[in-house]
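Start at 1 and go down the list; that is how both ligands and their atoms are numbered. Everything numeric here is computed off the predicted structure, so don't read it as measured data. The figures that follow rest on heavy atoms only: side chains count, while hydrogens, waters and symmetry mates do not.
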Amino acid sequence: MIPKEIEKAFNEQIKKELDSAYLYLSMAAYFEHENLEGMAHWMKKQAQEEVGHAMKFFEHINERGGRVELHALDEPKKDWASPLEAFKHTYDHEQKVTASINNLVELAKKLNDNASLVFLNWFVNEQIEEEANAQKILSLLERIEDNFAGIIMLDTELAKRE
Ligand code: FEO
């Protein structure tokens, strides 16, 4: 049986993952509007990944006899000043998600909940990748600045995300 405190925290994490999906979908809409289709594609894929993360928590709570409770999502920001600002937001957001996962690990340790610790291990590794991906694109955009040809080249590259 899943501890009540963990059940509550995991339900909150489902909301955070779906908030992330919603945020990245909003960024996809922004990039579509800016005719940066590669960046829009990258954000749509990212949004799908976030739904996948939420579903991992959803299934874990159910497998351990808990009760999934969904919360209302936050309305995401709609506009960014530039691709640089959007990817900076992405990187900042992923750092917040990492902090949230780390808090869950601390809670699982405190409660000696080994099943949750093993489960959360996947997320600890995933967050390394999530931060690295966003940081790599951000650092390229910092060097590109507002060079239009550079933005188009990066857009073409991001269209290749599987
Ligand atoms: Fe679900 Fe981007 O972390």
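Of all the N, O or S atoms in H53, the one closest to atom 1 (Fe) of ligand 1 is ND1. Within E130, the N, O or S atom lying nearest to atom 2 (Fe) of ligand 1 carries the name OE2.
Between D74 and K16, none of the side-chain N atoms (NZ, or NE/NH1/NH2) sits under 4.0 Å from a carboxylate O, so this pair counts as no salt bridge. Under 4.0 Å is where a charged nitrogen must lie from a carboxylate oxygen, and between K136 and E131 no such pair does. Between K15 and D19, at least one side-chain N (NZ, or NE/NH1/NH2) sits under 4.0 Å from a carboxylate O, which counts as a salt bridge. By the 4.0 Å N-to-carboxylate-O rule, E5 lies too far from K8 to be salt-bridged with it.
The aromatic rings of H53 and W122 lie perpendicular to each other, with more than 60° between the two planes, well past the 30° mark.
Residue E50 counts as close to atom 1 (Fe) of ligand 1, with an N, O or S atom under 2.8 Å. Among the backbone and side-chain atoms of E17, none of the N, O or S atoms lies under 2.8 Å from atom 2 (Fe) of ligand 1. Checking E49 against atom 1 (Fe) of ligand 1, every N/O/S atom stays at or beyond the 2.8 Å cut-off.
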